[in-house]
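Each ligand, and each atom within it, is numbered from 1 in the order the structure gives.
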Amino acid sequence: EAPVTLPDHFLWGVSTSAFQIEGAFAAAGRQPSTWDAFPAFGGHDASVACDHYHRYREDVDLMRDLGVGAYRFSISWPRVLAGDLAFYDRLVDELLSAGIAPVATLYHWDTPQAVEDDGGWLDRDTAQRFASYAGVVAERLADRVAMWVPVNEPAMVTLLGYATGQHAPGKALLYDALPTAHHLNLGHGLAVQALRAAGVRAVGTANNHTPAWPASEADADAAGAYSDLHNWLYADPVLAGRYPDSLVDRLPVRDGDLDVISAPLDFYGVNYYNPTRLRAPSEGNPLPFELVDIDEYPRTGFGWPVVPAGLTEVVSLLKDRFVDIPPVYVTESGCSYPHTPQDTDRIAYLEGHVDAALAAGVRGYFVWSLIDNFEWDSGYSQRFGLVHVDHGTQQRTPRASYHWYRERIAR
Ligand code: FCB
């Protein structure tokens with residue numbers, strides 16, 4: 001068995017995902033994904049995005065100058081279905097020659113349309129198909145990728161993709177979306193098996209976590225119900241081999257599934273953006289909670305409250321709930337703001353969250369994102385980059401926050 005070789009120093013990184021930056025929809029026979037024609041703000045689409053598929057060398061140069069130790073990117077399932085692994089070969093080699101550890105996510109929401117047409121994550125077989133794909137990628141890259149993440153934020157796929165329909169594939173099934181959660185978890189577990197079989201170095205997660213705050217003492221149950229749906233539906237099976245009591249009866253779990261899902265991991269990746277406030281539902285609401293605005297903090301361009309202490313809270317909740325949690329990494333943290341030369345708000349956001357991550361004793365911190373990119377249904381309207389991208393000319397310009405992060409890393 002290959003030894004687990006997590007880097008032994010604090011890992012400073014940046015994150016992106018394939019669909020949000022690559023463009024090149026038709027290159028090397030890439031197949032369509034569920035997101036290709038999904039409606040986004042202003043009629044935007046990702047067919048060009050940041051043209052990273054052709055400009056990856058320039059983007060790796062930006063990372064080298066930034067001084068990051070790791071780059072978390074994702075691999076496009078629709079490209080690999082078409083047999084295109086060469087692009088990721090080139091990217092990984094470029095990273096290694098820049099001294100940057102490649103951290104590969106296998107599924108960051110760009111489901112092949114052909115898989116969706118067969119039922120997507122509502123269908124149990126998708127978990128198996130995902131694992132086969134994971135095996136193909138690992139055969140090719142196991143020797144060079146430092147850390148692997150099978151599924152990015154399964155919670156958002158279930159909640160936004162299948163429960164509310166805000167994201168592709170746009171299904172608004174409410175509670176009938178819950179089978180997708182189990183199939184995503186099973187996909188994680190089966191992919192971990194496939195990755196281990198190929199001898200990868202380290203495998204973990206990138207699960208989205210939010211502290212669920214009750215609006216008042218009377219709203220504790222509402223907050224608990226929401227936390228089960230957002231946090232524990234994914235963390236519990238992976239880290240403890242069980243499902244929350246409130247949800248287990250709605251999940252199509254078969255004998256042995258939880259053993260597959262709870263196989264030991266080398267790290268636990270947390271994506272953190274903001275806390276969530278909940279109150280008891282008003283009459284006629286079919287859900288056991290209602291979202292309440294958090295208005296006593298500054299907000300990002302998206303309107304998300306800026307709460308670094310929420311990151312501390314997430315990490316301590318996890319450490320309390322799971323005695324055997326593997327080393328924790330912050331696999332995404334960042335904010336969108338309209339572009340300004342001083343970039344003051346983004347720097348303040350990152351300063352607060354980097355400090356919180358260090359105080360919480362995590363092993364690494366990955367900024368979302370290296371460059372402005374296609375922010376799903378919001379198109380190009382939300383700028384998350386340390387580097388400004390002119391989406392007309394593809395010109396990259398490092399922001400003040402990029403220079404701030406470079407100095408923070410060097411310190
Ligand atoms: C996360 C996603 C990432 C990006 C950021 C802003 O939930 O993983 O792709 O959209 O939010």
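Protein residues having a heavy atom under 4.0 Å from any atom of ligand 1 are Q20, H108, W109, N152, E153, Y273, E332, W368, E375, W376, F384, listed by chain and number.
D219 meets the side-chain contact (heavy atoms from CB on, under 4.5 Å) test with P214, A215, S216, R279, A280; sequence neighbours excluded. A49 pairs by the side-chain contact (heavy atoms from CB on, under 4.5 Å) definition with A46, Y380, not counting sequence neighbours.
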Pairs under 3.5 angstrom only: tabulate donor-acceptor contacts from the side chains of residues 96-107 to other protein residues two or more places apart or in another chain.
residue, atom, partner, partner atom, Å
S97, OG, D93, O, 3.3
S97, OG, E94, O, 3.1
T105, OG1, R72, NE, 3.0
T105, OG1, R72, NH2, 3.2
Y107, OH, T111, OG1, 2.7
Y107, OH, W121, NE1, 3.1

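For R250 and Y175, the positive end sits near the middle of the six-membered ring, less than 6.0 Å away and at most 45° from its axis.
Between H388 and H339, the ring planes lie tilted relative to each other; the angle falls in the 30° to 60° range.
For the residue pair A356 and P308, the shortest heavy atom distance occurs at CB-O, 3.5 Å.
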